[in-house]
Asker: 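Handing you a structure now.
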Amino acid sequence: MSDFLSDHGALIAVVCALLAVAYGVLTTRSLLALSPGNETMQRLSAAVQEGAQAYLRRQYTTIGIVGVILFIALIPLQNIEVAIGFAIGGLSSAAAGFIGMNVSVRSNARVAEAARGGIGKALDVAFRGGAVTGMLVVGLALLGVAGYYGILTWIFDVETKKAVDALIGLGFGGSLISVFARLGGGIFTKGADVGADIVGKIEAGIPEDDPRNPAVIADNVGDNVGDCAGMAADLFETYAVTAVAVMLLGVLTFPGASTVVMFPLILGAVSIIASIIGTFAVKSASGNVERALYQGVILAGVISALLFIPVTNWMMDDLPGAGAPAWTDIYFCALIGLAVTGALFVITDYYTSTRFAPVRSTARASETGHATNIIQGLAQGLQATAAPAIVIVLAIWGSNELAGIYGIAVAVMAQLSLCGLIVALDAFGPITDNAGGIAEMAEMPEDVRNVTDPLDAVGNTTKAVTKGYAIGSAALAALVLFAAFKIELQDELGRPIQFLLDDPHVLMGLLIGGMMVCLFASLSMEAVGRAGGAVVEEVRRQFREKPGIMDGTEQPEYGTCVDIVTRAAQREMIIPSLIPIVITLIVGLLSDTMLGGLLIGVIVVGLFFAVLMTSGGGAWDNAKKLIEDGAHGGKGSEAHAASVTGDTVGDPFKDTAGPAINPMIKVANIVALLIIPLIA
């Protein structure tokens, strides 16, 4: 069986990847067969679709220009195989985000219509809409990695090491799409959201998703391009990059053992089967939406853990070399990866859910004003970094004790093997958010809002939880990439290399790496501030020049706000996105030890900034929702006004800068790998 999996592992992975794609296609067909509701609902949904498609077309055009330049540069820097891999990774990531987002924006009205039949039916439609994106992400990522590796080794007879090196280009292509999509989508969605909240909720005193707000369609569009397409690109990249990094580490750590190259692909393949089974467990007769969603993830995790046993036994028994880990040790590393997923879910849920003390304390602090709300939200964000850091430290320690750096790599791959369902939970959020907006704007009966509102509340939690998962996996994946960089650099130099803190070059690199994260976050926040300010001015102009908007005798110009944030996002995302490419390249050309320090600085500072911003922003957001549900005076109170301010600050924290740090960390590490021929 070991020889069979070694010889045909890529083919098995391709077949399982195609199963995920087939699941997405069949689920899409069944969703689109459902009723999209009445004419008003269809018109509102079409407006969101049109805005989202227009934005993504412009975004991918901008990325395409940068991509062509990098494709050409990779040919002399590396070789044509790496450049082709770069193109495959970029196109696959873009396809996963674009197709998944299109399904999401078509699902919103169908969820609102299904809500007439109760929470169970609406939950089913919303989750299946998100599952399309999730399965496309893992399916296309595994198809790209396994398929391109198979083509290189079977058809062109490229040796294993060179084929794996070519896959680094594929990871870079996914990373490029990811950092642009995360950042551009985040600028779009939060520019619209901030502008809509400041004028709509605070100045005009109208509810969220009120059709009189000229920014409401832009806000709904942003939910999809940020949380759906953006998260899809983020986890596509993390999944593909981790698979490639584990393959590379296997080749470098166990030369001549072909099974270590196929092992991460087979882990991903069997987890796709487990994830597809898990989607059918997302049902709720009692109306407990959160439990229904998580029971699907738990079932998939249990099935994956069971399937990992024979796979690890067959493939990882009798590895060559003195001190090679036993297959049982490698299996326990995989279990650690699955346990990290569960731990990060629980921790992020604690810091961002309305059920627990962090959010409740932030809401309570709103009673004494805007400043105390901001202070408490920042405090909770800072505090939220401790537990994930401890979990990651324990995971690294345990995996390293069992199987060294390769054990850490296996743990990360096992953690990411479930990302199909994780992305489904994330995409569930914008679908339910838009469904609630359509129900509000179409003036559907109150019993429909009584269904869509709980779904939306859970969607806010799942979006926060999946960001925590993405950050943790990004940090561990970056560690694996760094290890591969060090080994590759040593091989190229022909001598050992160390990154010691008493080396001035390493310390300089550490400081530059930390600076990169701060600069990246700063530029991202500023971009949202400028975009949000432009939306505020436009909404104020429309209210001033069209007084009939408020009494319903005049219609807002929704398209103007969509255009404002679209242009702002395209313009503002370029410079921050180039930071991990340009600075990493410059530092690498100056000193290889400085480059190593830079990568360490980016990983450490990036992890803490990302957790701080996403968890703190999530606490602010749900503190506002808790007050809007009636706590501390409810809507219209002083506490509510303070909580809206906190949420407005937290929006670019949790949906723009924080999540975009994930791909930024990995882009820096992949660029370092790719420029080794220049610096060695």
Side-chain angles (χ1 to χ4, degrees), residues 189-190 192-210 212-213 215-216 219-220 223 227 289-290 348-384 429 432-433 435-437 439-440 446 449-465 467 532 536 613-655:
T189 182
K190 293 303 111 178
D193 196 4
V194 167
D197 280 355
I198 288 175
V199 184
K201 287 186 177 181
I202 297 177
E203 296 182 6
I206 57 178
E208 190 169 355
D209 296 320
D210 192 300
R212 293 173 293 179
N213 192 329
V216 72
D219 189 11
N220 283 310
D223 291 331
D227 280 317
V289 177
E290 199 164 355
T348 311
D349 187 48
Y350 173 75
Y351 279 101
T352 58
S353 173
T354 56
R355 303 192 310 274
F356 301 112
V359 169
R360 290 184 175 275
S361 66
T362 305
R364 188 165 54 250
S366 303
E367 291 185 336
T368 50
H370 300 252
T372 47
N373 171 278
I374 298 295
I375 291 168
Q376 187 64 19
L378 278 173
Q380 292 304 325
L382 289 164
Q383 189 182 112
T432 55
D433 192 350
E440 175 77 26
E446 186 177 347
R449 287 309 307 256
N450 290 338
V451 170
T452 59
D453 284 351
L455 290 176
D456 183 20
V458 173
N460 282 319
T461 301
T462 59
K463 285 190 293 186
V465 165
K467 287 184 179 73
V536 166
M613 299 181 105
T614 54
S615 294
W620 270 316
D621 185 6
N622 280 332
K624 178 200 70 174
K625 286 180 168 49
L626 185 64
I627 292 173
E628 288 179 342
D629 287 339
H632 307 292
K635 291 182 181 179
S637 65
E638 289 296 321
H640 182 231
S643 72
V644 172
T645 299
D647 180 41
T648 305
V649 174
D651 274 340
F653 261 49
K654 68 182 176 65
D655 288 324

Asker: List for me each residue that meets side chain to side chain donor-acceptor pair (under 3.5 Å) alongside S637, sequence neighbours excluded, and say none if there are none.
Answerer: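 Here no residue qualifies.
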Asker: For D219, what residues pass the salt bridge (charged side-chain N to carboxylate O under 4.0 Å, His left out) criterion, not counting sequence neighbours?
Answerer: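 Expected list: none.
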Asker: Can you tell me which residue pairs pass the ring-ring contact (aromatic ring centres under 6.0 Å, His included) test with a partner in residues 354-379, sequence neighbours excluded?
Answerer: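 Matches after skipping sequence neighbours: Y350-F356.
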Asker: Once salt bridge (charged side-chain N to carboxylate O under 4.0 Å, His left out) is applied, do any residues pair with E203, and if so which ones, sequence neighbours excluded?
Answerer: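 E203 satisfies salt bridge (charged side-chain N to carboxylate O under 4.0 Å, His left out) with R540 only.
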Asker: Could you list all the salt bridge (Lys or Arg N to Asp or Glu O under 4.0 Å) pairs where at least one residue sits in residues 356-381, not counting sequence neighbours?
Answerer: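 As it turns out, there is no salt bridge (Lys or Arg N to Asp or Glu O under 4.0 Å) pair with a partner in residues 356-381 once direct neighbours are skipped.
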Asker: Not counting sequence neighbours, which residues clear side chain to side chain donor-acceptor pair (under 3.5 Å) with S643? List them please.
Answerer: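 Once residues adjacent in sequence are excluded, S643 has no partner under the side chain to side chain donor-acceptor pair (under 3.5 Å) criterion.
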Asker: How far does CG of L378 sit from CE of M613, to the nearest 0.5 angstrom?
Answerer: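 The distance works out to 10.0 Å.
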Asker: Under the side-chain contact (heavy atoms from CB on, under 4.5 Å) test, which residues partner D453, sequence neighbours left out?
Answerer: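 By the side-chain contact (heavy atoms from CB on, under 4.5 Å) rule, D453 matches R449.
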Asker: Any chance you could measure T354, atom OG1, to K625, atom NZ, to the nearest 0.5 Å?
Answerer: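 Rounded to the nearest 0.5 Å, the OG1-NZ separation comes to 10.5 Å.
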Asker: Tell me every residue that passes salt bridge (charged side-chain N to carboxylate O under 4.0 Å, His left out) with D193, counting only those two or more places apart in sequence or in another chain.
Answerer: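 With neighbours one apart ignored, the set is K190.
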Asker: Does any pair with a residue in residues 630-654 pass ring-ring contact (aromatic ring centres under 6.0 Å, His included), and if so which ones, sequence neighbours excluded?
Answerer: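 Applying ring-ring contact (aromatic ring centres under 6.0 Å, His included) to every pair that reaches into residues 630-654, excluding sequence neighbours, yields W620-F653.
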Asker: May I ask you to decide if V194's main-chain N or O and D651's side chain share a donor-acceptor pair within less than 3.5 Å?
Answerer: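 No: the side chain of D651 does not pair with the backbone of V194.
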Asker: Please enumerate all residues that pass side-chain contact (heavy atoms from CB on, under 4.5 Å) together with T368, with sequence neighbours excluded.
Answerer: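 T372.
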Asker: Using the test side chain to side chain donor-acceptor pair (under 3.5 Å), find all partners of N622 that sit at least two apart in sequence or belong to another chain.
Answerer: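 So N622 forms no side chain to side chain donor-acceptor pair (under 3.5 Å) with any residue.
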Asker: D433: what forms a salt bridge (charged side-chain N to carboxylate O under 4.0 Å, His left out) with it, not counting sequence neighbours?
Answerer: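 Counting only residues at least two positions away or on another chain, D433 forms no salt bridge (charged side-chain N to carboxylate O under 4.0 Å, His left out).
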